[in-house]
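Taking it in order: structure first as structure tokens, then the write-up.
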Amino acid sequence: QLQLVESGGGLEHPGGSLRLSCQASGFTLDGYNIGWFRQAPGKEREGVSCISPGGGSTNYKISVLGRFTVSRDNAKNTAYLLMNNLNPEDTAVYHCAAAPVKPYTDCSLSPYQYESGYWGQGTLVTVSS
């Protein structure tokens, strides 16, 4: 079964950290851009961060720049999102997505790049005191 599975969400205090994982099964992440998206209650889905197949190119939503770090380990078929200095506005369901791309294609924070790829079911991150 071809799928992405996120893990690592949970309840954290403001200022705390969490690391999300995105594990692929049934296919290899080589050749795929990986995007991280989130959707808070009552709000639209938004792109948070992304990383190119080789990891050489990354992008971040302005509000998470300097706090979040995206990475990947293709040997483990897994991508990660390290989230530091969390605040209540980061509360959301976080999804990872994988988009098949040609070499040297920059990753995008738009979900349209990932329409022909795979999406995970999401993991809930709650930031509250």
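A donor-acceptor pair under 3.5 Å is formed between the side chain of R72 and the backbone N or O of S52. A donor-acceptor pair under 3.5 Å links the side-chain atoms of N77 to the main chain of L29, judged by distance alone.
Here OG of S25 is found 7.5 Å from CG of L2. Values are rounded to the nearest 0.5 Å. Atoms CG and CD1, from L81 and I34 in turn, are 12.0 Å apart once rounded to the nearest 0.5 Å.
Annotation for N85 and S17: closest pair N-OG, 4.2 Å, computed over non-hydrogen atoms. Counting all heavy atoms, side chain and backbone alike, A40 lies closest to A92 at N-CB, 3.8 Å. The nearest pair of heavy atoms linking K43 to Q39 is O-NE2, 3.1 Å.
If you chain together hydrophobic residues whose side chains sit under 4.5 Å apart, Y112 and V101 never meet in one group.
In this structure, the side chains of M83 and L20 come closer than 4.5 Å at one or more pairs of heavy atoms. Here the side chains of P111 and R45 are in contact, with some heavy-atom distance below 4.5 Å. The side-chain heavy atoms of P14 and L86, taken from C-beta on, include no pair separated by under 4.5 Å.
For the side-chain hydrogen bond (donor to acceptor under 3.5 Å, both in side chains) test, no residue two or more places apart in sequence or in another chain qualifies with D73. Among residues two or more places apart in sequence or in another chain, the side-chain hydrogen bond (donor to acceptor under 3.5 Å, both in side chains) test is passed with D90 by R38, R67. Applying the side-chain hydrogen bond (donor to acceptor under 3.5 Å, both in side chains) test to K61 and every residue at least two apart in sequence or in another chain returns E46. The side-chain hydrogen bond (donor to acceptor under 3.5 Å, both in side chains) search around T78 returns Q23, not counting sequence neighbours.
Applying the ring pair (Phe, Tyr, Trp, His ring centres under 6.0 Å) definition to pairs two or more places apart or across chains, those involving residues 7-30 are F27-Y32, F27-Y118. Identified under the disulfide bond (SG atoms under 2.5 Å apart) test for residues 53-97, with sequence neighbours left out: C22-C96. Within the structure, the salt bridge (charged side-chain N to carboxylate O under 4.0 Å, His left out) test picks out no pair touching residues 99-117 (sequence neighbours left out). Counting only residues at least two apart or in different chains, salt bridge (charged side-chain N to carboxylate O under 4.0 Å, His left out) contacts with residues 11-31 are absent. Among residue pairs with one or both ends in residues 33-89, those qualifying as ring pair (Phe, Tyr, Trp, His ring centres under 6.0 Å) are F37-Y114, F37-W119; sequence neighbours excluded. Annotation: disulfide bond (SG atoms under 2.5 Å apart) contacts involving residues 27-61, sequence neighbours excluded, comprise C50-C107.
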Report all side-chain donor-acceptor pairs from residues 121-129 shorter than 3.5 Å, counting only partners two or more places apart or in another chain.
residue : atom : partner : partner atom : Å
T123    : OG1  : G9      : N            : 3.1

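Taking Ile, Leu, Val, Met, Phe, Trp and Tyr as hydrophobic and joining them when side-chain heavy atoms fall under 4.5 Å apart, one finds L82 isolated, its cluster having no other members.
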